[in-house]
Amino acid sequence: MVRKIKKGEVLTYKEVAKKAKNPLAWRAVGNILNKNKDPSVPCHRVVRSDKRVGGYNKGKKEKIKLLKKEGVKIKGERVFHI
DNA sequence: CGTATGACGTGCA
DNA sequence: GTGCACGCCATAC
């Protein structure tokens, strides 16, 4: 599911879980992503419902940097919802 | 199979 | 805005 996120897209854990199948599994989403450090999965495009970057296996800083590079506006730890 | 944990979310003070 | 507690699902051991 996360793999389907295109460049510049920013979905929340809830949205991902919802599209995945279980709208209530958003908690597991982050959990799985964390352990499954798969480069094929742009997990850095998944943010919290608060629009915060959340975390990242390589560090939230890297996550923010990647997002900004892709054209996502980020204010510190905050992400501008598109 | 049961327990513990987490890149979380929501509610309340 | 911040901190605390509770609840939820999937995974790991």
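Order of the sequence lines sets the chain letters (A, B, ...), proteins ahead of strands, with each chain counted from 1. When reading the values below, keep in mind they use all heavy atoms of this one structure, side chains included, and skip hydrogens, waters and symmetry mates.
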Exercise. The side chain of A:Ala25 lies closest to which of these nucleotides: C:dC9, B:dA7, B:dT10?
Worked result: C:dC9
Exercise. Counting only heavy atoms not in A:Lys60, do more than 12 fall under 6.0 Å of its NZ?
Worked result: no
Exercise. With distance as the sole test, does A:Lys63 use its side chain to make a donor-acceptor pair with the main-chain N or O of A:Val53 at under 3.5 Å?
Worked result: yes
Exercise. Of the nucleotides C:dC8, B:dG6, B:dT10, which has the atom closest to the A:Trp26 side chain?
Worked result: C:dC8
Exercise. For the pair made of CG in A:Asp50 and P in B:dA7, what is the distance, rounded to whole Å?
Worked result: 15 Å
For this session: Check whether any side-chain nitrogen or oxygen of A:Arg48 sits under 4.0 Å from OP1 or OP2 of B:dA7, and answer yes or no.
Result: no
For this session: State the NZ-NE2 distance between A:Lys65 and A:His44, to the nearest 0.5 angstrom.
Result: 13.0 Å
For this session: Measure the distance from CG on A:Leu67 to P on B:dA7 and round it to the nearest whole Å.
Result: 18 Å
Exercise. Is the closest side-chain heavy-atom distance between A:Val79 and A:Ile74 below 4.5 Å?
Worked result: yes
For this session: Round to a whole Å and report the spacing from CD of A:Glu77 to P of B:dA7.
Result: 13 Å
Exercise. Nearest 0.5 Å, what's the CD-NZ distance between A:Glu77 and A:Lys75?
Worked result: 13.0 Å
Problem set entry | Spacing between A:Lys51 atom NZ and B:dA7 atom C1', to the nearest angstrom | 16 Å
For this session: Check every atom of B:dA7, C:dC9, B:dT10 against the side chain of A:Lys14 and return the nucleotide holding the closest atom.
Result: B:dT10
Seminar exercise, completed: Within residues 31-41 of chain A, those residues having any heavy atom closer than 4.0 Å to DNA chain B are A:Asn31, A:Leu33, A:Asn34
Problem set entry | Joint hydrophobic cluster, A:Ile5 plus A:Leu33, side-chain heavy atoms closer than 4.5 Å | yes
Seminar exercise, completed: Closest to the 5' end of DNA chain C, once A:Leu24 and A:Arg52 are matched to their nearest nucleotides, is A:Arg52
